[in-house]
Amino acid sequence: MTIKQLFSLSLISLLTVACNPNASEDAKEHIITEEVQNIDKEKTLSSEQKEKVQHKTAVAKDVILSLYVGVFRSKKMNNKKNPMLENKISISLDSISHDVLFGHSVVAGNNRPFAGKFIKKDGLYIAECKEPGDDKYDGVFTFTLNPQDESIKGAWTSNDKKLAVTERSYDLKKVEFKYNPHQELGDISAEVYQSSNTNSNEFERITSDAGKFNASTSLLKKEDVENMYKRDLEVMRNAIYARHGYSFKNRQMRNFFDTYVDWYIPVSTDISKDLTDIEKKNIDLIKRYEKHAETYYDEYGR
Amino acid sequence: MKNISTSIIKNKLPRYALILLMLVYSYFLWLMIKITLQYWPIQTDVAFLSIKQDYIHLLHYRIAFFVHVFSAIFVLLAGYTQFSNSIRTKYPQWHRHLGWLYVVVTLLFAGPSGFIIAIYANGGSSSQIAFCLLAFLWMLFTAIALLKIIKKQVPSHKAWMIRSFALALSAITLRAWKYILVAVFHPKPMDVYQIVAWLGWTLNLVIAEIIILNKIK
């Protein structure tokens, strides 16, 4: 009797070692709807128009120099190269000198300046701005700015036609960015890509625990974080960076904050100097538990 | 646990089964040695200790932790020798020497240190009570078993040693349950910890009582 019990016990444990249940049964397809937009392209500027532009530069500054945010959608892509279909992008129009517009875009952990000429036509500003061209992902922005509804609509084409995505469109709204430590994730329950391969159907669940604490305002204790899944800890920590407007290089985190966190605006690729003392302490604590969970959660041990 | 059965069951185990059981036991002992060696040379921010940073500054916690880790591994050696009838009859000296090693390590080192770290166990009062009780009962059963053999009460000594060793084996079974529960149910880390803090040794005691009952019959 006893021997049989012992046998079956060890058999059970051996069997469980052999099977590795995958928790991604309810993984769902990520459906992207493509929007085709009409983009006005005005490439040539006549000298007459140039003069007009100069007169109106002062006015234009007040109207258009601002921050705009929205979705950067892929329109032409190579699916074999694992393209990121949608990213949140912010475009900042920084200054105007004569008829040249200077600005920069922040998207997918990439902060790039651009400059180009613009004209005013029928109350709309039409611009064609180039990125410097010394980065693999540089290209050309062409857009129409509508001061009435404070929006920017346009397209971007890459210089390098071998990239995963060579053309994107965007429809951005004017926003103001200000660090606000009280921004909450709220009761979020979502799924993120499990691997960096966004074509795979592997998803990982983020539970509402991720938004249980605000790691920017309250100093966390070990009791707060010790019973959380690794993925929730990661989101809670990255919410700190998101409040500072960090543009995520990490695809999973980018996908999560882009999709589920409406206050999130990517404006910077380096926020390390902006972190408060509470945030730094919480980051250390959360990271320790993330690391422990990653190494030991499903291991034989504690 | 495997050797317990060999000595207890009246119908002897087939040889292949004994070998298989010893292999399984050796495998888990090997895992325990690897877990122990994570802390050598002595480090205070690795593995389990990385989530004990609130207590690691306490000198008595540090001492208790390392005493426990580096002493407790030796009690598992008893699994190879102490429950074998043939070893006990052919080499009684070995049985006595390893028996003393087991008792001394348990009562003076692994047991008391286990009790101290149990006070600071993760998972709140539930798992703290579970681990304190485990340490207390382990020492109690071991002490009773020692007294019984001093009084030459062999059957009683056997029964209490089976109980004592069942609790010593919780080091292995607790981690096995954790592994199984995580693989099957994917629970939150402290939820599973609170469960195995109890499941890891109470079930062993139940099995021990079944073994003792069968033996006495």
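The analysis underlying the following values was restricted to heavy atoms, covering all of them including side chains, and did not include hydrogens, waters or symmetry mates. The sequence lines fix the lettering, A, B, ..., with proteins before strands; numbering per chain opens at 1.
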Distance flag, aromatic centroids of [Y] and [X], threshold under 6.0 Å:
| X | Y | result |
| --- | --- | --- |
| F248(A) | Y264(A) | yes |
| Y25(B) | Y27(B) | no |
| Y297(A) | H186(B) | yes |

Do any N or O atoms from the side chain of [X] and from the backbone of [Y] form a donor-acceptor pair under 3.5 angstrom?
| X | Y | value |
| --- | --- | --- |
| S170(B) | W201(B) | no |
| N238(A) | M253(A) | no |
| S164(B) | F141(B) | no |
| R175(B) | Y300(A) | no |
| D232(A) | T207(A) | yes |

Residues of residues 269-296 of chain A under 4.5 Å from chain B (heavy atom pairs)? R288(A), Y289(A), H292(A), Y296(A)

Pair E209(B) + R163(B): basic N to acidic O under 4.0 Å: yes

salt_bridge(K188(B), D209(A)) N-O dist < 4.0 Å: yes

Is there any residue in residues 120-129 of chain B with a non-hydrogen atom under 4.5 Å from a non-hydrogen atom of chain A, and which ones are they? N122(B), G123(B)

Taking 4.5 Å as the heavy-atom cut-off, does anything in residues 40-65 of chain B contact chain A, and if so which residues? A47(B), F48(B), S50(B), I51(B), Q53(B), D54(B), Y55(B)

Counting neighbours of [atom1] on [X] that are heavy atoms of other residues, nucleotides or ligands and sit closer than 6.0 Å, is the number greater than 12?
| X | atom1 | answer |
| --- | --- | --- |
| Y137(A) | OH | no |
| F70(B) | CZ | yes |
| F185(B) | CZ | no |

With a 4.5 angstrom heavy-atom cut-off, could you sort out which part of L181(B) is near chain A: side chain, backbone, both or neither? neither

For Q38(B), is it the side chain, the backbone, both, or neither that has a heavy atom closer than 4.5 Å to a heavy atom of chain A? side chain

Counterpart residues, side-chain contact (heavy atoms from CB on, under 4.5 Å), relative to N214(A) (two or more places apart): E184(A), S216(A), T217(A), R243(A)

